[in-house]
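Here the structure is laid out as structure tokens; the discussion comes afterwards.
Predicted model only: the values in this text are computed from it and were never measured. Below, chains carry the letters A, B, ... as their sequence lines are ordered, and counting in each starts from 1.
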Protein chains: 4
Amino acid sequence: MARPRSEEKRDAILTAAMELIAEHGLGAATAEIAKVAQVPHGSVFTYFGTKSALLNELYVELKTELSESILEAMPGDGDVREQLHHLWGRWTDWGVSNPPKRRALAQLGVSDQITETSRKAAAVVAGPAVEIVDRARSSGALRDAPLAYVGALVEAMAGTTIDFIIQDPGNAERVRDAGFEALWQAIS
Amino acid sequence: MARPRSEEKRDAILTAAMELIAEHGLGAATAEIAKVAQVPHGSVFTYFGTKSALLNELYVELKTELSESILEAMPGDGDVREQLHHLWGRWTDWGVSNPPKRRALAQLGVSDQITETSRKAAAVVAGPAVEIVDRARSSGALRDAPLAYVGALVEAMAGTTIDFIIQDPGNAERVRDAGFEALWQAIS
Amino acid sequence: MARPRSEEKRDAILTAAMELIAEHGLGAATAEIAKVAQVPHGSVFTYFGTKSALLNELYVELKTELSESILEAMPGDGDVREQLHHLWGRWTDWGVSNPPKRRALAQLGVSDQITETSRKAAAVVAGPAVEIVDRARSSGALRDAPLAYVGALVEAMAGTTIDFIIQDPGNAERVRDAGFEALWQAIS
Amino acid sequence: MARPRSEEKRDAILTAAMELIAEHGLGAATAEIAKVAQVPHGSVFTYFGTKSALLNELYVELKTELSESILEAMPGDGDVREQLHHLWGRWTDWGVSNPPKRRALAQLGVSDQITETSRKAAAVVAGPAVEIVDRARSSGALRDAPLAYVGALVEAMAGTTIDFIIQDPGNAERVRDAGFEALWQAIS
DNA sequence: GATGAATGAGGCTTCATTCAT
DNA sequence: AATGAATGAAGCCTCATTCAT
């Protein structure tokens with residue numbers, strides 16, 4: 001009779017992978033990940049099959065966590081600016097308070113190891129957030145641009161803002177607010 | 001006098017590295033780079049010392065080429081919008097017509113192998129372009145934000161735009177123009 | 001018309017090799033030797049042909065220098081104890097005042113790169129010193145042992161003494177004198 | 001439970017290393033060591049981590065084996081001369097019957113790859129043998145010399161004697177006995 | 001399922017020697 | 001002779017994955 005897999009181990013591996021990727025890039029060794037997660041090396045493969053699969057699951061996990069964080073406490077009937085402001089604040093806060101997650105996600109995002117399937121899965125969970133962006137841009141310069149493009153722009157601006165605040169935390173609030181104004185001008 | 005180093009070999013190695021990094025990421029093997037460049041493996045180290053040094057030189061080279069391309073034929077006394085428009089057009093054109101260069105640069109940019117020294121060297125050659133951005137934002141939402149942040153935002157938007165056009169070339173012109181409008185609204 | 005070889009360069013290479021071997025063992029790279037000697041890498045091979053030849057010449061050179069140092073000012077008609085005492089003092093002084101030379105010689109001595117020819121050449125220059133040892137042992141425990149063995153014993157004791165003094169210079173004189181007494185007891 | 005490490009493999013690697021170092025010096029390639037030991041190349045690193053660690057373990061192993069061999073059947077209450085004679089006989093016998101071990105140990109002993117930690121570990125196991133030397137020298141010329149120096153002298157004399165006998169086995173017994181007399185005179 | 005040893009291809013770098021200039 | 005770039009074999013070590021226990 002097979003023992004059931006442990007959710008804790010799975011999470012420990014994902015967390016360790018996230019930290020090591022943030023620090024050492026995608027070259028982080030599975031053996032090292034196992035050590036940090038305090039699980040046997042073999043378990044990485046019991047739980048994820050291949051390193052590539054692990055990276056993909058981590059990518060989706062981080063994207064999901066980010067999306068959920070963005071949507072949490074989203075004002076439901078507020079006007080669009082208010083909603084976009086909420087989105088922006090949550091997004092940048094998530095990254096600023098989790099530098100390793102932000103860095104890991106940045107590495108994963110540009111990697112060719114992440115499959116189209118994973119990217120689509122991430123897009124699905126990001127759907128509600130994208131809808132807000134869609135409404136916000138409905139009468140602006142980007143009103144006729146592909147929605148995927150507009151979403152990517154927002155993501156790029158948020159990522160840049162997070163990185164800048166991490167590196168220079170002194171002006172956090174000012175940068176975040178100025179960034180939002182720029183975003184609002186850009187798309188509304 | 002001994003044989004002088006060959007500029008051609010150096011360039012061949014850099015070009016091969018660029019292509020392979022675009023295709024396989026920073027894990028591209030030095031032996032493979034040498035093969036594509038049609039030089040012996042050892043020559044990679046004669047010319048660059050270490051793989052890391054090669055990556056750094058490639059990074060600076062690409063950034064320099066991009067900066068020069070942006071500034072070429074820049075209208076000198078035109079108004080700021082016109083200058084920013086030139087910058088945007090040149091930038092996105094460079095990326096769209098050189099997907100491997102854009103992809104390699106994107107990989108290198110997020111790598112922790114690129115030293116602060118290289119990043120500073122790149123910042124220096126990008127100086128004149130940044131000045132234009134500085135003038136353009138002088139009365140907009142980002143007027144009081146750190147210039148480095150604004151520059152990073154422009155870079156992020158340009159990169160996103162290039163990637164989108166490469167992936168969906170049909171709407172190239174429309175996306176590029178919409179992108180510019182968004183940029184102009186964001187910073188002016 | 002060929003330029004004559006420069007004695008200075010030759011010596012610079014030998015000196016650099018000696019220093020680097022003392023520090024890094026026989027694996028010292030010829031390129032590094034050339035750099036320390038401030039000569040072009042190719043000159044190492046112009047002057048010595050192969051690395052192995054360089055090592056052999058260095059070995060003979062050091063052995064010769066040591067032998068000459070031992071014999072210098074040797075009391076000609078003194079009794080044997082006095083001569084052996086002179087030999088011992090000179091020998092240990094040479095090593096103690098030239099740690100790199102001692103260390104290089106120790107490395108070279110155990111190397112299988114040193115040919116029989118070189119060892120014989122070194123034995124020839126050491127001849128007069130060996131004669132003194134021969135006379136000293138003529139009525140002792142080693143009177144019937146092969147002379148080469150007795151010579152090797154003296155060399156081993158001198159080397160050990162030098163190493164010990166280098167490592168613990170505080171007791172230099174006491175150790176050197178005790179060493180001599182031990183030697184004298186051993187062979188006389 | 002996973003497969004336990006195999007003592008046999010470990011020993012095979014150490015033995016192969018010892019043989020190849022005796023023959024080719026410390027430059028012996030890890031791949032060659034693996035081949036001779038009939039294990040995959042990677043196993044060398046599974047068992048020893050680095051080549052340097054392998055050399056250090058081999059050094060301690062050989063020193064330990066030698067020390068144990070010296071002390072085996074040591075007459076407990078015999079007088080000191082008898083004990084020293086036993087030590088000398090065992091020591092030289094060990095070397096003469098194991099030329100590769102003696103040669104490997106000689107190479108390792110002068111290498112700067114051997115750490116102070118390893119040298120100290122070797123000194124510990126050699127402790128009882130050193131005590132005998134200490135007692136033997138208590139009223140001789142070296143009575144006030146540092147014990148470490150006296151021990152090193154004995155080691156040097158034993159090594160020299162072994163090498164000489166290996167190279168000229170005809171006079172084995174005579175040389176060994178003469179060597180002992182010399183040693184006894186030197187220190188007692 | 002749990003564990004960590006086993007595996008060998010592949011990666012980066014070094015190096016003695018040669019040779020174009 | 002002088003110079004240092006050219007060369008590619010060889011060296012040490014890493015690593016994802018498998019599998020014996």
Listed in order of residue number, which residues of residues 39-60 of chain D have a non-hydrogen atom at under 4.0 Å from DNA chain E? D:P40, D:G42, D:S43, D:T46, D:Y47
Would you say C:Y47's side chain and C:S6's backbone share a donor-acceptor pair under 3.5 angstrom? yes
In whole angstrom, what separates C:H24's NE2 from E:dT14's P? 13 Å
For the pair D:S111 (side chain) and D:Q107 (backbone), establish whether a donor and an acceptor sit closer than 3.5 Å, ignoring hydrogens and angles. no
Between D:P4 and C:G27, which has a closest nucleotide on DNA chain E that is more 5'? D:P4
From CZ of B:R3 over to C1' of E:dA20, roughly how many Å is that when rounded to an integer? 4 Å
Find out whether B:T64 and B:V60 are in side-chain contact, i.e. whether some heavy atom of one side chain is under 4.5 Å from a heavy atom of the other. yes
Please list residues of residues 107-117 of chain B whose heavy atoms come under 4.0 Å from any atom in DNA chain E, ordered by number; otherwise none. none
Atom of B:Q113, atom of B:N56 and distance for their closest heavy-atom approach: O-ND2, 3.0 Å
Side-chain N or O of A:K9 closer than 4.0 Å to phosphate OP1/OP2 of E:dA2: yes
Keeping B:R103 on the side-chain end and B:M18 on the backbone end, is there a donor-acceptor pair under 3.5 Å? no
Can you tell me the pairing partner of F:dA20 across any strand shown, Watson-Crick or G-U wobble, with both distances under 3.5 angstrom? E:dT3
For A:E7 and E:dG1, give me the distance from atom CD to atom P, rounded to whole Å. 15 Å
Can you tell me if A:S43 and A:T46 form a side-chain donor-acceptor pair at under 3.5 Å? no
In whole angstrom, give the distance that lies between atom CD of D:Q38 and atom P of E:dA6. 15 Å
Residues forming a ring-ring contact (aromatic ring centres under 6.0 Å, His included) with D:F48, sequence neighbours excluded: none
Separation of F:dA9 P from D:E32 CD (nearest whole Å): 17 Å
Applying a 4.0 Å non-hydrogen cut-off, can you work out what A:K35 is touching in the nucleic acid: base, sugar-phosphate, or nothing? nothing
Just N and O in the side chain of D:R5: are any of them under 4.0 Å from OP1 or OP2 of E:dA5? yes
Between B:S6 and D:A31, which is nearer to the 5' end of DNA chain F once each is assigned its nearest nucleotide? B:S6
Okay, side chain of C:R102, backbone of C:I166: is any donor-acceptor separation there less than 3.5 Å? no
4.5 Å side-chain heavy-atom contact, A:L58 and A:I21: yes
Nearest-Å distance for atom pair CG/C1', residues C:L20 and E:dC15: 14 Å
Which is true for B:A34 with a 4.0 Å heavy-atom rule: it touches a base, it touches only sugar-phosphate, or it touches nothing? nothing
So does B:T30 get a side-chain nitrogen or oxygen closer than 4.0 Å to the phosphate oxygens (OP1/OP2) of E:dC12? yes
Here the distance between atom P of F:dC12 and atom CG of D:L26, to the nearest Å, is 11 Å
A:R10 CZ to E:dG1 P: how many Å, rounded? 15 Å
Electrostatic pair D:R10-D:E61, nearest N-O below 4.0 angstrom: yes
